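Below is one structure, written out as structure tokens, with a few remarks after it.
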Amino acid sequence: MNTISENLIRIKSNLPEGVALVAVSKTKPVPEIMEAYEAGQRIFGENKIQEMAAKYEEMPKDIEWHMIGHIQRNKVKYMASFVCLIHAVDSLRLLTEINKQALKNNRVINCLLQLKIASEESKFGLTEDEVKQLLNSDEFQGFQNIKVVGLMGMATFTDNKELLQNEFGALKHLFDKLSINKTDNCNLKTLSMGMSDDYPIAIKNGSTMVRVGSSIFGKRNYNI
Ligand SMILES: *Cc1c(COP(=O)(O)O)cnc(C)c1O
């Protein structure tokens with residue numbers, strides 16, 4: 001088995017320029033995350049707000065913490081003071097809460113809108129029409145403390161390359177269309193797509209940010 005730092009260095013050396021790596025450290029203990037940190041990694045992704053907040057307290061302050069999981073509105077306050085990027089924003093109500101908590105902390109919080117690209121029923125996310133509606137709403141345009149800087153999507157869990165290609169390709173197409181209209185609180189630059197099993201295909205389809213967990217840290221054990 002390879003070490004965490006070996007995995008990290010191998011993956012990073014294969015990423016094209018302009019593609020950022022989020023090391024997904026959910027469920028992993030601080031000493032293992034520190035191994036990635038010592039190897040130079042600074043962006044980490046978590047999917048539970050309280051777990052991320054605890055790690056933030058304990059770990060070096062030059063880490064950029066990304067929230068990649070589905071979010072409950074009543075927990076936004078626990079990360080509003082430090083979170084660097086929120087990937088999975090999927091409603092105006094959630095954005096309203098993020099804007100409110102960002103204001104309380106005197107910050108502007110960067111967000112990605114999550115699109116539903118998978119054919120699977122279980123995946124969260126907005127449809128294309130819902131995204132357009134959200135971005136065009138008066139309420140959204142009044143937000144002073146959030147900035148939508150990109151889109152995020154999760155493909156179907158499959159090894160069907162053609163299906164993955166189609167799903168990532170559709171998100172890239174929408175990203176390009178929506179990127180044309182820049183406003184004070186919307187300027188799409190980041191396209192977050194691709195995980196351990198599918199990130200090479202995501203990159204071929206225009207991803208600028210991959211979220212890789214198990215290929216760096218090994219399999220997760222949820223039964224501890
Ligand atoms: C867990 C998770 C990942 C990383 O998954 P791996 O298959 O371990 O790379 C990426 N994105 C999201 C949203 C996740 O929840």
Side-chain angles (χ1 to χ4, degrees), residues 1-12 14-15 19-29 32-33 35-36 39 41-53 55 63-72 75-76 79 83-91 94 98 110-126 149-161 163-164 167-168 171-172 175 190-224:
M1 233 185 69
N2 295 318
T3 65
I4 291 168
S5 55
E6 283 167 353
N7 290 337
L8 189 65
I9 288 160
R10 187 192 65 245
I11 290 166
K12 270 175 117 159
N14 287 318
L15 291 182
V19 177
L21 173 64
V22 179
V24 176
S25 50
K26 61 190 186 195
T27 79
K28 297 296 176 183
E32 288 179 30
I33 308 173
E35 194 180 328
Q41 183 64 23
R42 290 295 179 275
I43 307 177
F44 292 94
E46 292 280 334
N47 72 337
K48 295 214 167 71
I49 292 174
Q50 273 130 321
E51 183 178 340
M52 181 172 78
K55 288 170 177 172
I63 290 176
E64 295 182 15
W65 291 101
H66 287 201
M67 174 43 57
I68 62 170
H70 187 69
I71 296 163
Q72 287 170 278
K75 293 190 178 157
V76 172
M79 65 174 170
V83 68
C84 175
L85 181 64
I86 302 178
H87 285 236
V89 175
D90 61 358
S91 73
L94 176 57
I98 297 169
N110 288 334
C111 298
L112 307 179
L113 297 179
Q114 181 173 8
L115 268 290
K116 185 175 155 58
I117 58 171
S119 40
E120 291 164 320
E121 229 0 273
S122 64
K123 297 281 194 291
F124 293 105
L126 299 156
V149 296
L151 303 180
M152 178 269 207
M154 284 173 88
T156 301
F157 184 68
T158 176
D159 41 24
N160 179 341
K161 286 207 167 122
L163 181 58
L164 291 170
E167 293 179 356
F168 289 136
L171 185 54
K172 166 67 170 160
F175 177 78
T190 299
L191 182 53
S192 166
M193 56 185 198
M195 315 182 11
S196 288
D197 290 337
D198 58 18
Y199 76 86
I201 300 176
I203 290 171
K204 280 201 192 99
N205 284 279
S207 171
T208 70
M209 185 174 276
V210 293
R211 310 176 308 268
V212 179
S214 39
S215 291
I216 297 171
F217 295 103
K219 280 201 167 49
R220 286 176 293 275
N221 180 1
Y222 286 102
N223 308 317
I224 35 178

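Note that the coordinates shown come from a computational prediction; the quantities given were computed from them, not determined experimentally. Numbers here are sequence positions counted from 1. Order of listing sets the numbers, starting from 1, for every ligand and every atom in it.
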Heteroatom distance test (S215, ligand 1): nitrogen or oxygen, under 3.5 angstrom: no

Min N/O separation V24 to ligand 1 under 3.5 Å: no

Per-atom contacts, ligand 1 versus S196 - under 4.0 Å to a heavy atom: 6 (P), 7 (O), 8 (O), 9 (O)

Element-labelled atoms of ligand 1 that are located less than 4.0 Å from some non-hydrogen atom of R220: 1 (C), 5 (O), 6 (P), 8 (O)

Per-atom contacts of ligand 1 with G213, taking only distances under 4.0 Å to non-hydrogen atoms: 4 (C), 6 (P), 8 (O), 9 (O)

Ligand 1 N/O within reach of D197 N/O, cut-off under 3.5 Å: no

Heavy-atom nearest option to atom 14 (C) of ligand 1, drawn from M195, R211, K26: K26

Straight-line distance of R211 CZ to K26 NZ, nearest 0.5 Å: 8.5 Å

All salt bridge (charged side-chain N to carboxylate O under 4.0 Å, His left out) counterparts of K172, not counting sequence neighbours: D176

Steps toward side chain to side chain contact (heavy atoms under 4.5 Å, CB included) verdict (Y199, V19): CA-CA 11 Å; Y199 76 86; V19 177; over 6 Å; no

T190 OG1 to N110 CG distance, which is reported to the nearest 0.5 Å: 8.0 Å

Heteroatom proximity flag, N47 to ligand 1, N/O under 3.5 Å: no

Separation between CD of E51 and OG of S25, rounded to the nearest 0.5 Å: 7.5 Å

Under the side-chain contact (heavy atoms from CB on, under 4.5 Å) test, residues paired with S91 that sit two or more places apart: R93, L94

Residue V212 vicinity, atoms of ligand 1 by number, heavy atom under 4.0 Å: 9 (O)

Plane angle bin for F124 and H70 - parallel if under 30°, tilted between 30 and 60°, otherwise perpendicular: parallel

Atoms of ligand 1 close to M154 [distance to a heavy atom under 4.0 angstrom, numbered from 1]: 13 (C)

Pairwise distance OG(S207) to CD1(I201) - rounded to 0.5 angstrom: 12.0 Å

H87 contact mode with ligand 1 (heavy-atom cut-off under 4.0 Å): neither

